[in-house]
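Encoded as structure tokens, the structure appears first; notes follow it.
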Protein chains: 2
Amino acid sequence: MTEKKQPLQLDFHSGLPIYTQIVEQIQSQLANGILKPGDQLPTVRALAQELRVNFNTVARAYRILDEARIISTQQGRGTYITEIPPPEVSEKLRNESLAALTHRFINESFRLGFSEREVSQMVRDSLKSWKEAKDSDDE
Amino acid sequence: MTEKKQPLQLDFHSGLPIYTQIVEQIQSQLANGILKPGDQLPTVRALAQELRVNFNTVARAYRILDEARIISTQQGRGTYITEIPPPEVSEKLRNESLAALTHRFINESFRLGFSEREVSQMVRDSLKSWKEAKDSDDE
DNA sequence: CCTTTATTGTACTAATTGTATCATTGTATA
DNA sequence: TATACAATGATACAATTAGTACAATAAAGG
């Protein structure tokens with residue numbers, strides 16, 4: 001199966017800066033094969049328009065990813081996912097990506113006053129019901 | 001019917017501090033549905049001007065509400081009513097809140113291509129390391 | 001080829017937001 | 001009155017996003 005291009009999903013109330021959300025989602029998509037080495041990313045202006053943000057905000061995200069050697073931005077040409085990311089790096093990236101996502105979720109839960117027990121129970125329930133929904137879809 | 005934005009009404013002779021009145025009125029508007037989760041509040045300066053008060057007084061009110069998890073203030077962006085209000089209400093609402101939060105987290109994880117197994121493992125690890133960090137703080 | 005034009009990212013600046021710190025004011029109380 | 005303290009105001013700061021002008025590249029037309 002080919003992972004299709006997926007729009008980035010921003011949460012404007014999450015407290016996380018937009019540019020950070022863009023960075024993390026591109027990292028995740030790369031880690032999970034939704035984006036692949038060599039892929040061209042949208043131009044700063046195109047992505048900005050799609051996300052309804054200023055293009056400098058996208059440019060800032062791209063600059064951070066560029067400094068991390070994850071993408072390569074080329075003035076006048078566009079931005080591309082870096083070729084040949086070392087496999088051990090990409091596995092690491094994949095793990096870090098999920099870790100970041102999970103960390104945010106757990107922090108937010110605790111911030112709202114939920115207990116460790118409540119959180120882990122809810123995750124179990126939620127995963128379970130997701131699996132059941134999936135099973136009934138598969139029939 | 002849609003509850004419209006309502007100006008805050010201050011009583012400068014009531015003996016109650018301004019910031020307390022702001023806190024209570026915002027809480028009350030939230031409780032009455034005039035304000036809803038996700039709503040953006042006026043900036044500290046805008047509300048201060050409207051109320052003819054120093055913006056630090058509004059900032060103080062916002063800080064109290066932020067610490068109470070009722071709003072989320074974000075430097076450079078604004079302040080918002082928390083998407084998932086803290087459990088000052090019912091246990092049922094509280095549970096629904098966590099369910100919604102968890103659901104978002106799990107959907108996002110799957111959307112990015114992580115497996116059920118990976119997600120639940122990462123949640124366990126993350127909870128564990130959080131608990132350890134907390135324990136070392138408690139010494 | 002060379003020139004022009006469109007498209008791309010970059011750099012710098014400005015505007016808007018909340019934060020931190022200290023000064024001032026007013027009031028209660030010894 | 002003098003002092004302590006809480007409330008409010010003034011000022012400087014930091015973070016985020018937006019605006020504007022520019023530079024590099026590629027493509028099109030001559």
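To find a chain, count down the sequence lines: A is the first, B the second, and so on, and within it residues start at 1. Side chains included, hydrogens not; waters and symmetry mates left out as well; all remaining heavy atoms used.
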Original post:
What integer distance in Å separates A:L41:CG from C:dT7:C1'?
Top reply: 16 Å
Original post:
When you match A:A59 and B:T73 each to their closest nucleotide on DNA chain C, which lands nearer the 5' end?
Top reply: A:A59
**OP:** Could you check how far CD1 of A:I22 sits from P of D:dT17, rounded to whole Å?
**Re:** 9 Å
Original post:
D:dA12, D:dC22, D:dA7: which one has an atom nearest the side-chain heavy atoms of A:R45?
Top reply: D:dC22
Subject >> Euclidean distance, atom CD of residue B:Q40 to atom P of D:dT17 [Å, nearest integer] >> reply: 12 Å
Subject >> Partner residues of B:E116 under the side-chain contact (heavy atoms from CB on, under 4.5 Å) criterion, sequence neighbours left out >> reply: A:L127, A:K131, B:F110
Original post:
Cluster question for you: counting only ILVMFWY and a side-chain heavy-atom cut-off of under 4.5 Å, with indirect links fine, are B:I22 and B:F12 together?
Top reply: yes
**OP:** Name the closest nucleotide to the B:R60 side chain, picking from C:dT10, D:dT8, D:dA14.
**Re:** D:dT8
**OP:** Let me know, please, whether B:T57 or A:Y19 comes out on the 5' side of the other along DNA chain D by nearest nucleotide.
**Re:** B:T57
**OP:** Could you check which of D:dG9, C:dG18, D:dA18 has an atom nearest any side-chain atom of A:N56?
**Re:** D:dA18
Original post:
Could you state the CZ-P distance from B:R63 to C:dA20, rounded to the nearest angstrom?
Top reply: 8 Å
**OP:** Among D:dA18, D:dA10, D:dT16, find the nucleotide with the atom closest to the side chain of B:N54.
**Re:** D:dA10
Original post:
Distance check: side-chain N/O of B:R77 vs OP1/OP2 of C:dG18, anything under 4.0 Å?
Top reply: no
Original post:
Rounded to whole angstrom units, what separation is found between the CD atom of B:Q49 and the P atom of D:dT8?
Top reply: 19 Å
**OP:** Quickly work out the B:Y80 OH to C:dT16 P distance and round it to whole Å.
**Re:** 15 Å
Subject >> Over 12 foreign heavy atoms within 6.0 Å of CD, A:Q49 >> reply: no
Subject >> Sugar-phosphate, base or nothing in reach of A:F55, heavy atoms under 4.0 Å >> reply: base
Original post:
How do B:Q75 and B:I18 order along DNA chain D: which one's closest nucleotide is nearer the 5' end?
Top reply: B:I18
Subject >> B:R124 side chain vs A:S120 backbone, donor-acceptor pair below 3.5 Å >> reply: no
Original post:
A:I64 has an atom CD1; how far is it from atom P of C:dT10, in whole Å?
Top reply: 12 Å
Subject >> Separation of D:dT8 C1' from B:Q21 CD (nearest whole Å) >> reply: 13 Å
Original post:
Salt bridge between B:E108 and B:R104, side-chain N to carboxylate O under 4.0 Å?
Top reply: no
